[in-house]
Amino acid sequence: MRWTHTLIPTLREAPAEAEIVSHQLLLRAGLVRKLAGGVYSFLPLGLRALHKVERIVREEMDRAGAVEVLLPALQPPEIWQQSGRYETARHVLYKVYDSARREWVLSPTAEEVITLLAAAEIQSYRQLPKNFYQISVKFRDEIRPRFGLMRAREFIMKDAYSFDVSDEAAQESYRRMYEAYTRIFARCGLRTFPVEADTGVIGGSLSHEFMVPAETGENEVAYCEGCGYAANVEKAVSAAPAAAPETSGGSTPAPEKFPTPGVQTIEDLTRPPYGIPAARQIKTLVYIVESRPVLVLLRGDDQLNEAKLAARLGTTVFRPATPEEVYATLGAHPGSLGAVATTLADRAVPVWADERLRGATDMTTGANEDGYHLRHVNVARDLRVDQWADLRTVRAGEPCARCGQPLRIRRAIEVGHVFKLGTKYSEKLGATFIDESGVRRPCVMGCYGIGVTRTLQAVIEQCHDADGIIWPVSVAPYEVCLTPLQVAEDSPVWRAAQQLYAALVEAGIEVILDDREERPGVKFKDADLVGFPFRVNIGEKSLARGEVEIKRRAGGLETVPVGQAADRVAMLVREARAGRGGTTGDSGRF
RNA sequence: CGGAGCGUAGCUCAGCUUGGUAGAGCACCAGCUUUGGGAGCUGGCCGUCGCAGGUUCAAAUCCUGUCGCUCCGACCA
């Protein structure tokens, strides 16, 4: 390809709209252009890199035994109602209307379609297992599109769905996908780490996310360097001490009401004249769960983890109560709330409490009377708790639940997610089969996603320097950039470049020839910005010595005789292709 | 959905406070010079100042509304 033939609109300066480096480089290198917030056009180079990622995904999915299909993006809302997700996923569903005013849903994912397909086409255990995948455009009405391709309204996802006869068989399908994902990201030149994950609105029993460590990531991962434990903080647990230590010595006196005028927060009570440490307070939250109030109790210095709460409640349809709703529920306003049995009286509100409160004594909590709190509260004796659960968010430094070493927390980008779904969808949508003994049973499912466009940007986020992108060979838009410093038809430099170009194309190398009439500095800067793994400089001076330069974007320069240049470059490219993709990934642990 | 900031040339931005009819750098076009890390000189092109309404003799500038973009938040009572 000649540079002037394609379109590579590089930018010297980063557009103001781009905050993070990978987003800036996507735009500066001329890979994508924004049409609207969270909606992007792929330009020729961006599309080539995207196709490379897709090809790796296809090869590994095929190798793992999945078969490719293509499912509709335009879906009838009825199937979403059938699965129950028309409601639970309503905030991400784009809805469109045809000329007959009929509603359609733009697919954010395809469990419904594929499960209905399996329901229609799979009848016998003899047809199982099956694993279907597709690579297609997905639509999500994101609350807040961000960071270019990272969180977009329209994006490309690889989604796969496995159907098995039993839980054990489904476990094997899950394992195969897990391994395929590990290979896919490694081949893309990414260092990724599988971490335990929450299953969210998708549902299911077991789940891992594949994370790329990055300060700009939207997820937090808790991990242990001692034993290798790693989990999304939405899911992570620790061995934090279960109860605050006793401060009053022996047995605690009965709860005592005391005035706390103006106190609104945990922090207010930690200050004089009260001086009550947050760890000795009980935080009382009121949530509206499917239109009914629920109390959630935590230690004052702990944070509620809504993902854990959702998992325990079995629904994502909940929100914090408004101050008016709080008053209607407890007869007091936020700041004076509590769950001491005597102050709840006959109020029929379920109380959930975090495990860390179990057995705590001499605690302070609101009295359900504005401007008053209770001290000397003994959790086991005084509180009315209906459900105990792990509801808190772990914090860095807490001991690992497995080995006791301190947990660390790092931000990361989620590029892949695997779920063991069980029979949630197959039961609702009728994906059943007849087993060996003639019994009809629901298929046991798994689903597996890779954000293909996000993966591409994650590669840039991880592989760049001050000059631009440093593409791993496996996903580079072109493997080699030929940079002749003269392009006059009759110049020896141009003739040598053309010969080298022809020889490399003949050798099956993906090469772009910078045939622009630009000064050397401009060509070098652009090639570095776009990030081609290899650049061959052909200049008058070195050519006069019969030599050209081969420069690696990742670092390294060698001079070779012009006659050997094609063979040498082809060899270097093949070596790089055979490697893991350009960066050396350490494996296994976060 | 709440909060904040920003919309002026393809890109980065100035001008707005104090109203007087639009600028710089880069990019682009032409010419000359230059030619190994984003060249120099000369000339040129490019704008309904996001949109709509209002105030005014006069609006990029002041007011109102609206749309868009970006960031923060949308657990911590």
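Residue numbering restarts at 1 for every chain, and letters A, B, ... go by the order of the sequence lines.
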Q.
Which residue in the set A:Asp382, A:Asp362, A:Thr364 passes side chain to side chain contact (heavy atoms under 4.5 Å, CB included) when paired with A:Val377?
A. A:Asp382

Q) Do side-chain atoms of A:His5 reach the backbone of A:Arg2 as a donor and acceptor pair under 3.5 angstrom? A) no

Q: Let me know the distance between CG of A:Asp528 and P of B:G36, rounded to the nearest Å.
A: 17 Å

Q: Looking only at side-chain atoms of A:Thr393, point me to the closest of B:C75, B:U12, B:A77.
A: B:C75

Q) Counting any heavy atom closer than 4.0 Å, what does A:Asn537 reach on the DNA or RNA strands: base, sugar-phosphate only, or nothing? A) base

Q. Atom CD of A:Glu540 to atom P of B:G36: distance rounded to whole Å?
A. 9 Å

Q) Which one, B:A77, B:U35, B:U12, comes nearest to the side chain of A:Arg519? A) B:U35

Q.
Would the base of B:G38 count as contacting A:Glu518 through its side chain, where contact means a donor and an acceptor less than 3.5 Å apart?
A. no

Q | Counterpart base for B:U17, defined by Watson-Crick or G-U wobble contacts under 3.5 Å | A | none

Q) Below 4.0 angstrom from OP1 or OP2 of B:A27, is there any side-chain N or O of A:Arg12? A) yes

Q.
Of the options B:G37, B:C69, B:U12, whose atoms approach the side-chain atoms of A:Lys551 most closely?
A. B:G37

Q: Would you mind telling me which of B:C71, B:C11, B:C75 lies closest to the side-chain atoms of A:Leu285?
A: B:C75

Q.
Between B:C16 and B:C6, how far apart are the two C1' atoms, rounded to whole Å?
A. 14 Å

Q. Contact class for A:Lys523 vs. all strands (heavy atom < 4.0 Å): base, sugar-phosphate, or nothing?
A. nothing

Q: Scan A:Gly539 against the nucleic acid and name what it touches under 4.0 Å (heavy atoms): base, sugar-phosphate only, or nothing.
A: base

(Q) Would you measure the distance from the P atom in B:G23 across to the matching atom in B:G68 and give it in whole Å? (A) 32 Å

Q: Taking atom P in both B:G65 and B:A4, compute the distance separating them and give it to the nearest angstrom.
A: 13 Å

Q) Counting side-chain heavy atoms from C-beta on, which of B:G36, B:C71, B:C75 comes nearest to A:Glu19? A) B:C71

**Q.** Counterpart base for B:G31, defined by Watson-Crick or G-U wobble contacts under 3.5 Å
**A.** B:C41

Q) Looking at the side chain of A:Lys525, which of B:U12, B:C75, B:G38 is the nearest nucleotide? A) B:G38

Q.
Does A:Ser336 reach a base, just sugar-phosphate, or nothing at all? Heavy atoms under 4.0 Å.
A. nothing

Q | Rounded P spacing from B:U8 to B:C49 in Å | A | 11 Å

Q. NA contact type, A:Val326, heavy-atom cut-off 4.0 Å: base, sugar-phosphate, or nothing?
A. base

**Q.** Between A:Phe147 and A:His23, ring centroids under 6.0 Å
**A.** no

Q. A:Asp198 and A:Lys235: which non-hydrogen atoms are nearest, and at how many Å?
A. N-CB, 3.9 Å

Q: Please give the nucleotide sitting opposite B:G53 as a Watson-Crick or G-U wobble pair, both distances under 3.5 Å, or none.
A: B:C63

Q: Considering just the side-chain nitrogens and oxygens of A:Arg28, establish if one lies under 4.0 Å of OP1 or OP2 belonging to B:C11.
A: no

Q) Between B:G44 and B:U55, how far is it from one C1' atom to the other, in whole Å? A) 40 Å

Q.
Just verifying a value: how many Å separate A:Leu269 CG and A:His373 NE2, rounded to the nearest 0.5 Å?
A. 4.5 Å

Q: Could you tell me the separation between the CZ atom of A:Phe318 and the C1' atom of B:A74, rounded to a whole number of Å?
A: 13 Å

Q | Distance in angstrom units between A:Leu11 CG and B:C28 C1', rounded | A | 14 Å

Q) Taking the same atom, P, in B:G54 and in B:C13, what whole-Å distance lies between them? A) 33 Å

**Q.** Exercise: identify the closest heavy-atom pair between A:Leu93 and A:Pro108
**A.** CD2-CG, 3.6 Å

Q) On a whole-Å scale, what distance lies between the P atoms belonging to B:U48 and B:G5? A) 27 Å

Q | Sugar-phosphate, base or nothing in reach of A:Glu549, heavy atoms under 4.0 Å | A | base

Q: Any strand is fair game: report the nucleotide pairing with B:A58 by Watson-Crick or G-U wobble, both distances under 3.5 Å, or none.
A: none

Q | Donor-acceptor pair under 3.5 Å, A:Arg146 side chain vs B:U70 base | A | no

Q) Which residue lies toward the 5' end of RNA chain B, A:Pro334 or A:Pro15, if each is placed at its nearest nucleotide? A) A:Pro15

Q. Side chains of A:Glu414 and A:His417: donor-acceptor distance under 3.5 Å anywhere?
A. yes

Q.
Expressed as a whole number of angstroms, how long is the span from A:Leu485:CG to B:A39:C1'?
A. 15 Å

**Q.** Strand partner of B:G68, provided both Watson-Crick or wobble distances fall under 3.5 Å
**A.** B:C6

Q | Six-ring centre of A:Tyr94, A:Arg140 cation under 6.0 angstrom, axis tolerance 45° | A | no

Q) What does B:A74 pair with, Watson-Crick or G-U, if both distances are under 3.5 Å? A) none

Q.
Roughly how many Å apart are B:C45 and B:C28, using the C1' atom of each and rounding to a whole number?
A. 8 Å

**Q.** Selected nucleotide, minimal atom distance to A:Thr10 side chain, candidates B:C71, B:U12, B:G38
**A.** B:G38

(Q) Classify A:Ile266 by what it touches in the nucleic acid, base, sugar-phosphate, or nothing, heavy-atom distance under 4.0 Å. (A) sugar-phosphate

Q.
In this structure, how many angstroms lie between the P atom of B:G37 and the CZ atom of A:Arg535, rounded?
A. 11 Å

Q: Tell me which of A:Gln486 and A:Arg516 sits closer to the 5' end of RNA chain B, going by the nucleotide each one is nearest to.
A: A:Gln486

Q) Out of B:C69, B:C75, B:G36, which nucleotide sits closest to the side chain of A:Tyr287? A) B:C75

Q) Is A:Lys283 salt-bridged to A:Asp301, going by a charged N under 4.0 Å from an acidic O? A) no

Q: Output yes when at least one side-chain N/O atom of A:Lys541 is less than 4.0 Å from OP1 or OP2 of B:G36, else no.
A: yes

Q: Check every strand shown and say whether A:Ala321 touches a base, only sugar-phosphate, or nothing at a heavy-atom separation below 4.0 Å.
A: base

Q) Over how many whole Å does the gap from A:Glu17 atom CD to B:G10 atom C1' extend? A) 13 Å

(Q) Under 4.0 Å, heavy atoms only, any strand: does A:Glu306 hit a base, just the sugar-phosphate, or nothing? (A) sugar-phosphate

Q. Partner of B:A24 by Watson-Crick or G-U wobble geometry, both contacts under 3.5 Å, or none?
A. B:U12

Q: Using atom CD of A:Glu142 as one end and atom P of B:G73 as the other, report the distance to the nearest whole Å.
A: 16 Å

